[in-house]
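Please find one structure pasted underneath; my questions will follow.
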Amino acid sequence: MTSIAIIGAGPQMGLAIARTFGKEGFDVALISRNREKLDGLVGTLAAEGITAAAFPASVLDHDGLTQALKDAADRFGGIDVLEYSPLDIASTALATPSESDPSHIQDQIEFQLYGAIAATKAVLPAMREAGAGTLLYTTGAGSLDPLPLVGNVNAAAAALRNWAVNLHKELDGTGIQAAHIAIDVALGGSSIDPTLKAATAEDVAPVYWELHTAKRDQGEVVVRG
C-alpha cells in the first residue's frame with residue numbers, strides 16, 4: 001500500500017489533500033497536536049471509504065514528531081508522501097518588520113522551518129533507500145511577496161520556501177520529489193489580505209497530486225485564483 005503523512009492536518013487543506021490522495025488508494029496518516037480533532041477527521045475519511053489514522057504530535061517537539069512519523073510508517077508500511085503545512089493562527093503573535101523582535105522571527109522559524117527539517121529527516125532516509133518519494137511543503141504566498149502585517153510569519157515562510165526549493169535541486173536525479181506550494185488565494189473566502197481571490201481547499205488540493213505524479217520536475221507552484 002502507499003501512504004501520505006499530512007503534518008498540520010486540519011478541516012480545510014489537510015482534509016482536502018487527504019481526500020485527493022485517499023481516493024487514489026493512499027492510506028492517510030494525520031498529524032497535528034489535537035487528538036480529538038484528528039479523530040474527527042479520521043471518522044470523516046472512514047465514512048468516505050478512505051483508510052486514515054491519527055498520530056498526535058507537535059511540530060515544536062522534534063522527538064515527538066519523529067516518533068509519530070515512525071509510528072505512521074510502521075502502521076502503513078512506510079511513508080511515500082510527506083506534506084507539511086502546520087497552521088496556528090490563534091496563538092501566533094503577528095508583527096510587522098519594524099515591530100519584530102528576534103523572538104517573533106525565531107518562534108516562526110521553529111514552527112515553520114525547523115519542524116519541516118525534523119519531519120524530513122524522519123522520512124528521507126527510507127525514501128533514499130527506496131529511490132522514490134515525495135516531499136511537499138506549503139506556505140502562504142507571503143513567502144514570495146510579503147505582507148507587512150505578517151512580517152514575522154512571512155520571513156519564516158520565505159526561509160522554508162528557500163530550503164524546500166533548494167532541497168528539490170539537491171534531490172534531482174534521486175527519484176525523490178521535493179516541492180514548495182505557495183497558496184495565493186483566500187481559502188474559504190477568509191484572509192487578512194482583502195485583495196486575494198476566494199477558493200476552496202478542494203480547488204487547491206489537485207496541485208499536490210500533480211506534483212507527486214505528472215509534475216515531479218517542478219520545485220514550486222504558486223496557486224492563484
Side-chain angles (χ1 to χ4, degrees), residues 4-21 24 59 81-89 92 94-97 100 105 108-109 111-117 119-120 124 133-174 176-225:
I4 180 171
I6 300 172
I7 299 176
Q12 289 202 70
M13 276 313 310
L15 182 58
I17 294 168
R19 282 174 168 149
T20 297
F21 280 78
E24 297 291 342
V59 299
V81 180
L82 174 75
E83 193 279 324
Y84 187 87
S85 56
L87 185 64
D88 190 13
I89 295 175
T92 298
L94 301 179
T96 67
S100 293
I105 308 294
Q108 284 299 307
I109 287 287
F111 189 71
Q112 297 193 58
L113 178 60
Y114 294 169
I117 292 172
T120 302
L124 185 54
T134 299
L135 304 161
L136 303 173
Y137 308 91
T138 305
T139 71
S143 59
L144 294 93
D145 184 15
L147 190 68
L149 180 61
V150 286
N152 59 324
V153 175
N154 288 169
L160 174 55
R161 172 192 177 254
N162 180 286
W163 180 82
V165 172
N166 209 14
L167 181 64
H168 173 83
K169 295 177 180 180
E170 179 190 356
L171 295 175
D172 183 41
T174 66
I176 303 168
Q177 156 72 319
H180 168 247
I181 300 94
I183 298 180
D184 195 20
V185 295
L187 290 177
S190 176
S191 173
I192 60 173
D193 184 352
T195 68
L196 294 183
K197 295 181 180 180
T200 67
E202 287 72 21
D203 294 329
V204 177
V207 169
Y208 293 78
W209 181 252
E210 291 170 0
L211 285 168
H212 172 61
T213 55
K215 298 181 178 179
R216 296 183 66 82
D217 60 327
Q218 293 190 23
E220 182 170 59
V221 170
V222 181
V223 180
R224 296 188 172 96

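If you're wondering where the values come from, they're calculated on a predicted model, not measured in any experiment.
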Taking atom OG1 of Thr96 and atom CG of Leu149, what is their separation to the nearest 0.5 Å?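 Answer rounded to 0.5 Å: 8.0 Å.
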Sub-4.5 Å side-chain heavy-atom contact between Leu171 and Ile176: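 Leu171 reaches Ile176 side chain to side chain.
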For Ile6 versus Gly14, what's the shortest heavy-atom pair and its separation?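 Looks like CD1-O, 3.5 Å.
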Parallel, tilted or perpendicular: ring planes of Tyr84 versus Tyr137, cut at 30 and 60 degrees: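 It falls in the tilted class, 30° to 60°.
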For Ala116 versus Leu160, what's the shortest heavy-atom pair and its separation?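 Here Ala116 and Leu160 meet closest at CB-CD1, 3.6 Å.
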Side chains of Gln112 and Val59: does their closest heavy-atom pair fall under 4.5 Å?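 Heavy-atom side-chain distance check fails, nothing below 4.5 Å.
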What's the spacing between Glu83 CD and Thr20 OG1 if we round to 0.5 Å?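 It comes to 11.0 Å.
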Between Arg161 and Glu220, does a side chain to side chain contact (heavy atoms under 4.5 Å, CB included) hold up when you go through it step by step? CA-CA 9 Å; Arg161 172 192 177 254; Glu220 182 170 59; 2.5 Å; yes
Under the side-chain contact (heavy atoms from CB on, under 4.5 Å) rule, collect the residues that match up with Ala182, sequence neighbours excluded.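 By the side-chain contact (heavy atoms from CB on, under 4.5 Å) rule, Ala182 matches Thr139, Ser143, Leu144, His180, Val222.
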Would you name the heavy atoms of Ala119 and Ile7 that are closest together and state the gap between them?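 Nearest pair, atom of Ala119 first, then Ile7: CB-CD1, 3.5 Å.
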Can you list the residues that meet the side chain to side chain donor-acceptor pair (under 3.5 Å) rule with Tyr208, with sequence neighbours excluded?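 If we apply the side chain to side chain donor-acceptor pair (under 3.5 Å) test to Tyr208, skipping adjacent residues, the hits are Thr138.
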Heavy-atom closest contact (Asp184 atom, Arg224 atom, distance):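 Closest pair (atom of Asp184, atom of Arg224, distance): OD2-NE, 3.5 Å.
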Results of side-chain contact (heavy atoms from CB on, under 4.5 Å) for Glu210 - residues two or more places apart only: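 Applying side-chain contact (heavy atoms from CB on, under 4.5 Å) to Glu210 gives Lys215.
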Just verifying a value: how many Å separate Thr120 OG1 and Trp163 CH2, rounded to the nearest 0.5 Å?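 Rounded to the nearest 0.5 Å, the OG1-CH2 separation comes to 3.5 Å.
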Show your working on side chain to side chain contact (heavy atoms under 4.5 Å, CB included) between Leu187 and Val204 and close with a plain yes or no. CA-CA 9 Å; Leu187 290 177; Val204 177; 3.9 Å; yes
In chain order, what residues pass the side-chain contact (heavy atoms from CB on, under 4.5 Å) check against Pro146, with sequence neighbours excluded?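 For Pro146 the side-chain contact (heavy atoms from CB on, under 4.5 Å) partners, ignoring immediate neighbours, are Asn154.
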How long is the span from the CG atom in Leu124 to the CD1 atom in Ile117, to the nearest 0.5 Å?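 Between Leu124 CG and Ile117 CD1, I get 12.0 Å after rounding to 0.5 Å.
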Carefully, step by step, assess Ile183 and Met13 under the rule side chain to side chain contact (heavy atoms under 4.5 Å, CB included). CA-CA 10 Å; Ile183 298 180; Met13 276 313 310; 4.2 Å; yes
Set of side chain to side chain donor-acceptor pair (under 3.5 Å) partners for Thr134, sequence neighbours left out: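 So Thr134 forms a side chain to side chain donor-acceptor pair (under 3.5 Å) with His212, Arg216.
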Where Pro97 and Gly151 come nearest, the two heavy atoms and their spacing: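 Heavy-atom minimum between the residues: CD-CA, 4.0 Å.
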Does Ala16 have any side-chain contact (heavy atoms from CB on, under 4.5 Å) partners at least two apart in sequence or in another chain, and if so, which?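 Scan of Ala16 (side-chain contact (heavy atoms from CB on, under 4.5 Å), adjacent residues dropped) gives Ala201, Glu202, Ala205.
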Under 3.5 Å donor-acceptor, Gln177 side chain and Leu211 backbone: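 Yes; judged by distance alone, with no hydrogens or angles, the pair exists.
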